[in-house]
S.K.: 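Structure provided below as structure tokens; questions to follow.
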Amino acid sequence: MTDSCLFCRIVRKEIPATVVYEDEHSLAFRDIDPKAPTHVLIIPKKHVPSLNEADDPETIGRLLLVARSIAKDEGITADGYRTVLNTGANAGQTVFHIHVHLLGGRRLGWPPG
Ligand code: AMP
Ligand code: ZN
């Protein structure tokens with residue numbers, strides 16, 4: 001539901017966020033509980049609950065291209081970074097508005113927990 005969806009509310013500026021990028025289709029803001037020196041969430045402005053419901057290749061592709069661009073702005077391109085898209089309970093998805101995590105600025109462990 002877009003009325004109560006946390007990230008839709010951030011898109012509508014009803015809830016504050018530290019926005020690092022915005023255009024017609026996309027919004028990116030800093031994660032409220034960062035897991036790395038750079039931890040940015042990239043979302044489509046349109047409400048899509050998760051990858052399971054995503055049907056538009058442009059929407060999904062744009063998330064990664066915006067993430068790449070923000071990585072450059074954050075100065076983490078050369079050292080490397082991770083883009084993560086959690087889908088559903090086993091992956092730990094907690095907000096059901098699709099988002100890509102951009103994580104960088106430190107060495108990241110693999111495999112993830
Ligand atoms: P996920 O677990 O993949 O669904 O990720 C949801 C992310 O949203 C978590 O990393 C949270 O820390 C983050 N988050 C939750 N509420 C907010 C908020 N108000 N502003 C920014 N990030 C948030
Ligand atoms: Zn939403």
Side-chain angles (χ1 to χ4, degrees):
M1 276 301 291
T2 64
D3 277 2
S4 57
C5 169
L6 177 64
F7 288 175
C8 283
R9 296 189 69 194
I10 288 176
V11 168
R12 294 196 297 265
K13 308 283 157 74
E14 293 170 9
I15 293 176
T18 304
V19 171
V20 298
Y21 177 82
E22 180 167 14
D23 66 23
E24 182 188 353
H25 301 287
S26 313
L27 185 71
F29 49 93
R30 298 203 185 276
D31 196 291
I32 204 167
D33 181 19
K35 303 298 190 292
T38 291
H39 189 173
V40 171
L41 303 175
I42 300 97
I43 69 171
K45 288 189 168 178
K46 150 174 117 174
H47 181 81
V48 177
S50 82
L51 188 59
N52 288 332
E53 292 80 20
D55 52 10
D56 171 12
E58 287 192 10
T59 299
I60 303 309
R62 210 177 270 125
L63 296 178
L64 287 175
L65 293 176
V66 170
R68 180 183 73 180
S69 168
I70 294 168
K72 195 172 174 196
D73 294 344
E74 295 277 315
I76 58 174
T77 299
D79 285 344
Y81 56 88
R82 186 168 294 161
T83 45
V84 175
L85 209 167
N86 292 324
T87 304
N90 269 4
Q93 185 177 5
T94 58
V95 178
F96 284 80
H97 180 130
I98 194 169
H99 49 280
V100 168
H101 295 256
L102 169 65
L103 296 147
R106 68 168 172 84
R107 184 86 187 187
L108 299 164
W110 190 265

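Both counts, for ligands and for their atoms, begin at 1 and track the order of listing. By convention here, the first residue in the shown sequence is residue 1.
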S.K.: Which atoms of ligand 1 have any heavy atom of Asp33 under 4.0 Å away?
M.R.: 12 (O)
S.K.: Looking at His97, which of its N, O or S atoms is the nearest one to the Zn ion (ligand 2)?
M.R.: ND1
S.K.: Hey, are the side chains of Leu108 and Leu103 touching, using non-hydrogen atoms and a 4.5 Å cut-off?
M.R.: yes
S.K.: Please name the pair of heavy atoms, one in Val66 and one in Ile42, separated by the smallest distance, quoted to 0.1 Å.
M.R.: CG1-CG2, 3.8 Å
S.K.: Numbering the atoms of ligand 1 from 1, which are under 4.0 Å from a heavy atom of Phe29?
M.R.: 21 (C)
S.K.: Can you tell me which portion of Phe7 lies within the under-4.0 Å heavy-atom range of ligand 1? Options are side chain, backbone, both, or neither.
M.R.: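 Side chain only.
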S.K.: Please state whether the rings of Phe29 and Phe7 are parallel, tilted or perpendicular, taking 30° and 60° as the class boundaries.
M.R.: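 Phe29 vs Phe7 ring planes: perpendicular.
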S.K.: Check Lys46 with Asp56, please: is the shortest side-chain N to carboxylate O separation under 4.0 Å?
M.R.: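 So Asp56 pairs with Lys46 through a salt bridge.
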S.K.: Among the N/O/S atoms of His47, which is closest to the Zn ion (ligand 2)? Give the atom name.
M.R.: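 That would be atom ND1.
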S.K.: Specify side chain, backbone, both or neither for Arg30, according to which of its non-hydrogen atoms lie closer than 4.0 Å to ligand 1.
M.R.: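 It is the backbone that gets close, since no side chain atom is under 4.0 Å.
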S.K.: How close does the nearest protein non-hydrogen atom get to atom 16 (N) of ligand 1, and which residue and atom is it?
M.R.: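 Its nearest protein heavy-atom neighbour is Leu6 CD2, 3.3 Å.
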S.K.: So, is Val95 polar-close to ligand 1, with some N/O to N/O distance under 3.5 Å?
M.R.: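 In this structure, Val95 places an N or O atom under 3.5 Å from an N or O of ligand 1.
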S.K.: Can you tell whether the side chains of Glu24 and Lys45 come within less than 4.0 Å, N to carboxylate O?
M.R.: no
S.K.: Atom 1 (P) of ligand 1: which protein heavy atom is closest, and how many Å away?
M.R.: His99 NE2, 3.1 Å
S.K.: Looking only at atom types and distance, does a side-chain atom of Arg82 sit under 3.5 Å from a main-chain N or O of His101, one as donor and one as acceptor?
M.R.: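 Between the backbone of His101 and the side chain of Arg82 there is no qualifying donor-acceptor contact (under 3.5 Å).
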S.K.: Kindly check if the number of other-residue, nucleotide or ligand heavy atoms within 6.0 Å of CZ (Arg106) is above 12?
M.R.: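 Result for CZ/Arg106: enclosed.
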S.K.: What protein heavy atom sits nearest atom 2 (O) of ligand 1, and how far away is it?
M.R.: Gly92 O, 2.9 Å
S.K.: Considering Arg9, His97, His101, Gln93, which one's heavy-atom position lies nearest to atom 3 (O) of ligand 1?
M.R.: His101
S.K.: Kindly say whether Pro49 contributes a backbone atom to a donor-acceptor pair with the side chain of Gln93 at under 3.5 angstrom?
M.R.: yes
S.K.: Rounded to the nearest 0.5 Å, how far apart are CG of Leu41 and NE2 of His99?
M.R.: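 The distance works out to 6.0 Å.
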S.K.: Could you tell me which non-hydrogen atom of Ser50 sits nearest to which non-hydrogen atom of Thr87, and how far apart they are?
M.R.: OG-CG2, 4.0 Å
S.K.: So which heavy atom in the protein is nearest atom 7 (C) of ligand 1, and how far is it from that ligand atom?
M.R.: Asp31 OD2, 3.5 Å
S.K.: What's the shortest distance from atom 20 (N) of ligand 1 to any protein heavy atom, and which residue and atom give it?
M.R.: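 Its nearest protein heavy-atom neighbour is Ile32 CB, 3.7 Å.
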S.K.: What atoms in ligand 1 come closer than 4.0 Å to a heavy atom of Asn86?
M.R.: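 In order of numbering, the contacting atoms are 3 (O).
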S.K.: Should the proximity of Thr94 to ligand 1, defined as any heavy atom under 4.0 Å, be assigned to the side chain, the backbone, both, or neither?
M.R.: both
